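Everything quoted here is computed from the prediction, not taken from an experiment. Positions are given from 1 along the sequence. Read the numbers this way: they start at 1 and go in the same order the structure lists the ligands and their atoms.
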Amino acid sequence: MIVTTKKLFKAAYGKYAIGAYNINNLEQTMGLFQGNIDSQAPFIIQLSKGSRKYSDKAMLEGLIRSAEEVYPDAIFAVHLDHGDEETCYDCINSGFYSSVMIDASHEPFDENIAITKRVVDAAHAKGIVVEAELGMLGGVEEHVSVAEADAKLTDPDQALEFVERSGCDSLAVAIGTSHGAFKFSGTQGLHYDVLEEIQSRLPNFPLVMHGSSSVPQDEVARINKAGGKLLGAKGVDAAQFKRAAELGVTKINIDTDGRLVWTRVHREHLLEYPENFDFRKPGKVYMAEYAKFIAGKNEFLGSAGKLEEMRKYIAT
Ligand code: G3H
Ligand code: 13P
Ligand code: ZN
């Protein structure tokens with residue numbers, strides 16, 4: 001069942017975070033649904049501009065609608081990740097997305113508000129909710145490239161003004177994470193002090209943490225052992241998710257970790273079975289491993305086991 005993130009956030013706020021996972025293809029979609037059903041968790045599917053281009057946005061929509069039939073018990077939202085204004089309107093008008101992210105965080109403050117407000121007005125007219133971003137994460141996003149050193153943490157006072165003036169429904173905040181497999185260079189870490197300040201100004205308002213892959217070291221070691229070259233990769237300690245959830249983080253975005261599972265499975269498989277050229281064999285292993293990964297992640301988020309509670313909440 002496709003629901004809005006608004007419903008998911010209301011039920012989860014302050015208690016646990018909902019996992020927001022990016023998908024690009026069939027294997028990821030199957031693994032994602034299976035993992036969330038196995039762990040009995042509500043979840044958010046994220047589609048980036050890149051994923052909508054990779055195959056075709058219609059193909060992704062078809063995949064998700066089919067997955068809904070294969071997994072009728074699943075409860076999830078369909079969300080545009082890091083949209084620009086044009087892509088937001090495309091998704092709003094498609095009638096398929098329950099939520100969009102407008103990412104104008106690279107623009108000056110007033111311009112970010114103006115762009116976000118235009119998207120909010122168009123989305124709310126159709127019952128769609130909007131995530132916006134204030135502050136800048138390190139790493140590379142769709143249309144934003146920011147050196148880690150230049151990453152700008154979210155200013156709590158600005159966060160309040162931004163939400164009031166833009167009317168957005170949730171806010172992605174920069175509190176020290178960055179996108180990709182190489183986070184926390186030097187002395188960087190999560191800034192819970194900033195998060196606390198934001199929550200005190202915006203109580204009960206859902207916050208979003210991007211760039212939250214854990215980049216498990218055993219995964220990185222296996223990839224490198226099987227011929228990969230991911231040197232110095234590291235991520236967010238998943239044990240910190242629950243504290244973040246208590247401080248108002250209700251959506252936690254994870255993409256890179258899923259790519260690492262894919263890379264490990266395929267590198268190891270092709271090394272072990274050099275004669276194989278049937279992609280379904282590693283594909284099947286990947287779906288099972290990705291499902292296992294998702295179920296494990298949901299334990300850290302606190303969303304595991306919350307599916308039936310969410311179903312009842314949605315029915316009220
Ligand atoms: O934050 C961006 C997401 O990880 C999506 O990545 O743009 O390569 O699909 P992508
Ligand atoms: P990671 O790739 O670092 O997990 O970040 C995902 C993300 O923020 C998607 O918007
Ligand atoms: Zn992101």
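Close approach of ligand 1 to N22 (heavy-atom distance below 4.0 Å) involves ligand atoms 3 (C), 5 (C). Atoms of ligand 1 lying under 4.0 Å from at least one heavy atom of D255, given by number and element, are 3 (C), 4 (O), 5 (C), 6 (O). The S48 neighbourhood of ligand 1 comprises atoms 5 (C), 7 (O), 9 (O), 10 (P), with distances under 4.0 Å to a heavy atom of that residue.
Residue-level check: among N/O/S atoms of H210, ND1 sits closest to the Zn ion (ligand 3).
For the atom pair CE (M30) and NZ (K284), the distance works out to 6.5 Å, reported to the nearest 0.5 Å.
Contacts of N204 classified as side-chain hydrogen bond (donor to acceptor under 3.5 Å, both in side chains), with partners at least two apart in sequence or in another chain: none.
Only the side chain of D81 comes within contact range of ligand 1, with a heavy atom under 4.0 Å; no backbone atom does.
By the neighbour-count criterion of 12 heavy atoms within 6.0 Å, atom CE of M1 is densely surrounded, having more than that number from other residues, nucleotides or ligands.
Checked by atom type and distance alone, the side chain of R311 pairs as donor or acceptor with a backbone atom of D73 at under 3.5 Å. With hydrogens and angles ignored, the 3.5 Å screen pairs a side-chain donor or acceptor of K183 with a backbone N or O of G180.
Residue S51 has no N or O atom closer than 3.5 Å to an N or O atom of ligand 1.
Remark: of the listed residues L80, V119, N112, V119 is the sole one forming a side chain to side chain contact (heavy atoms under 4.5 Å, CB included) with I102.
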Distances only, to 0.1 Å: what are the N or O pairs between ligand 2 and the protein that fall under 3.5 Å?
residue: ligand 2; atom: 2 (O); partner: T256; partner atom: N; Å: 3.0
residue: ligand 2; atom: 2 (O); partner: T256; partner atom: OG1; Å: 2.6
residue: ligand 2; atom: 3 (O); partner: G180; partner atom: N; Å: 3.2
residue: ligand 2; atom: 3 (O); partner: K183; partner atom: NZ; Å: 2.5
residue: ligand 2; atom: 4 (O); partner: S213; partner atom: N; Å: 3.4
residue: ligand 2; atom: 4 (O); partner: S213; partner atom: OG; Å: 2.5
residue: ligand 2; atom: 4 (O); partner: D255; partner atom: N; Å: 2.9
residue: ligand 2; atom: 4 (O); partner: T256; partner atom: N; Å: 3.3
residue: ligand 2; atom: 5 (O); partner: G211; partner atom: N; Å: 3.3
residue: ligand 2; atom: 8 (O); partner: H179; partner atom: NE2; Å: 3.0
residue: ligand 2; atom: 8 (O); partner: H210; partner atom: ND1; Å: 3.4
residue: ligand 2; atom: 8 (O); partner: G211; partner atom: N; Å: 2.8
residue: ligand 2; atom: 10 (O); partner: D81; partner atom: OD1; Å: 2.9
residue: ligand 2; atom: 10 (O); partner: D81; partner atom: OD2; Å: 2.8
residue: ligand 2; atom: 10 (O); partner: H82; partner atom: NE2; Å: 3.2
residue: ligand 2; atom: 10 (O); partner: H210; partner atom: ND1; Å: 3.1
residue: ligand 2; atom: 10 (O); partner: N253; partner atom: ND2; Å: 3.1

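When NE2 of H179 and NE2 of H82 are joined through the Zn ion (ligand 3), the resulting angle is 100° to the nearest 10°.
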Salt bridge (charged side-chain N to carboxylate O under 4.0 Å, His left out) between E197 and R201, worked out:
CA-CA 7 Å; E197 290 293 322; R201 285 160 181 77; 2.7 Å; yes

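With distances taken over non-hydrogen atoms, the option nearest atom 10 (P) of ligand 1 out of H82, R259, K49, H179 is R259.
A cation-pi arrangement is found for K306 relative to Y16, the charged atom lying closer than 6.0 Å to the ring centre and inside a 45° cone about the ring normal.
F162 and I115 fall within the same hydrophobic cluster, defined by Ile, Leu, Val, Met, Phe, Trp and Tyr side-chain heavy atoms under 4.5 Å apart, directly or through other members.
Taking the six-membered ring where the residue is Trp, H266 and Y286 present tilted rings, their angle falling between 30° and 60°.
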